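So the structure is just underneath, and the comments pick up after that.
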Amino acid sequence: EILTVVMLVGIIMGGVSVFITQGSPEKDLDDAVERFVVISDHISELAILAGEPIGLMLEPPEWRENPLDQGWRYSWKKMTDQGWQDVPDVPAVELETNFELAVYIDEERWKYENAPKERVPIAAFYPTGEVTAFEIEFTSEEVPGESETVLVDVWGQIVWKERQEQEEEDDF
């Protein structure tokens, strides 16, 4: 009987923890940042292996067809003789409308309001392994006061700043 009670308590606690962590605004923010980091790492390797530059295309809501109903979007374009073309098998990612991005290129805030009519990628991943220095701060209206930052470190690696800092603290 005790074993049955312990098992039921374990199952209930497991269900509660899944319910609590699933779909929370903090988790949604972390998931969006983690997805961006994973895809960026893949793109960096792909640029080296394919031997061609691949660019990060960002589209703020104001550039979208329905700016009030659509959030930020990012996609990957490769440089070809015909210009920037979609990278096969790497679909564009649509962020939820509650996410906001602050983008810095070479430490200067990207002012997309002044962008030319012909849209080009804001950063490039080169076959040499180099990456345009950028930093993107992800925030969510549903998680006030919190932000998550992705940047290119001095080694040209894509880094999730807050996660790296946490890992460094855990190492001590």
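Since we're looking at a predicted model, the values are computed, not measured. All heavy atoms count here, side chains included; hydrogens, waters and symmetry mates do not.
Using a 4.5 Å heavy-atom threshold, the side chains of Glu94 and Arg64 count as touching. Proximity of Tyr112 to Leu58: side-chain heavy atoms (C-beta onward) are nowhere separated by under 4.5 Å. Residues Val143 and Phe138 fail the side-chain proximity criterion, which asks for heavy atoms closer than 4.5 Å. In this structure, Leu56 and Ile136 have side chains that are in contact, with non-hydrogen atoms separated by less than 4.5 Å. Counting heavy atoms from C-beta outward, Gln157 and Ser44 have side chains that stay 4.5 Å or more apart. Looking only at side-chain heavy atoms (C-beta outward), Met79 and Glu52 stay at 4.5 Å or farther from each other. Counting only heavy atoms from C-beta outward, the side chains of Trp72 and Val93 never approach each other to under 4.5 Å. Contact annotation: the side chain of Tyr74 approaches that of Ile39 to within less than 4.5 Å [non-hydrogen atoms, C-beta and beyond].
Counted by atom type alone, Trp160 and Glu34 present zero donor-acceptor pairs between their side chains at under 3.5 Å. In the model, Thr128 has a side-chain atom that pairs as donor or acceptor with a side-chain atom of Glu130 under 3.5 Å.
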Take Arg119 and Met57, measure what side-chain contact (heavy atoms from CB on, under 4.5 Å) needs, and give me the verdict at the end. CA-CA 8 Å; Arg119 310 291 192 219; Met57 178 71 91; 4.0 Å; yes
Apply salt bridge (charged side-chain N to carboxylate O under 4.0 Å, His left out) to the pair Lys27 and Asp31, showing each step before the final yes or no. CA-CA 6 Å; Lys27 184 171 180 349; Asp31 288 349; 3.0 Å; yes
Please assess Ile158 against Ile43 for the test side-chain contact (heavy atoms from CB on, under 4.5 Å), listing each intermediate value before the final yes or no. CA-CA 10 Å; Ile158 305 302; Ile43 291 297; over 6 Å; no
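Atom CD of Glu108 sits in a sparse spot, with 12 or fewer heavy atoms from other residues, nucleotides or ligands closer than 6.0 Å.
The heavy-atom pair separating Pro127 from Gly51 by the smallest distance is CG-C, 3.4 Å. Minimum interatomic distance between Ala32 and Phe99 (heavy atoms only, all atoms of both residues): CB-CZ, 4.1 Å. When every heavy atom of Asn98 is checked against every heavy atom of Ser140, the shortest pair comes out as ND2-OG, 3.0 Å.
Gln70 contributes atom CD, which lies 10.0 Å from atom OG1 of Thr97 (distance to the nearest 0.5 angstrom). Rounded to the nearest 0.5 angstrom, Ile54 CD1 and Lys77 NZ are separated by 12.0 Å. Interatomic distance, Glu135 CD to Trp110 CH2, rounded to the nearest 0.5 Å: 15.0 Å. Glu162 CD to Asp30 CG: the interatomic distance, rounded to the nearest 0.5 Å, is 9.0 Å. The distance from atom NE2 of His42 to atom CG of Leu49, rounded to the nearest 0.5 Å, is 9.0 Å.
Under the 4.5 Å side-chain heavy-atom criterion for grouping Ile, Leu, Val, Met, Phe, Trp and Tyr, Trp76 is connected to Ile105 within one hydrophobic cluster.
Using a 4.5 Å cut-off between side-chain heavy atoms of Ile, Leu, Val, Met, Phe, Trp and Tyr, Val159 falls into a hydrophobic cluster with Leu151. Counting side-chain heavy-atom gaps under 4.5 Å among Ile, Leu, Val, Met, Phe, Trp and Tyr, Val38 is found in no cluster with other residues.
Looking at Thr132, its side chain does come within 3.5 Å of a backbone N or O of Ala124 through a donor-acceptor pair.
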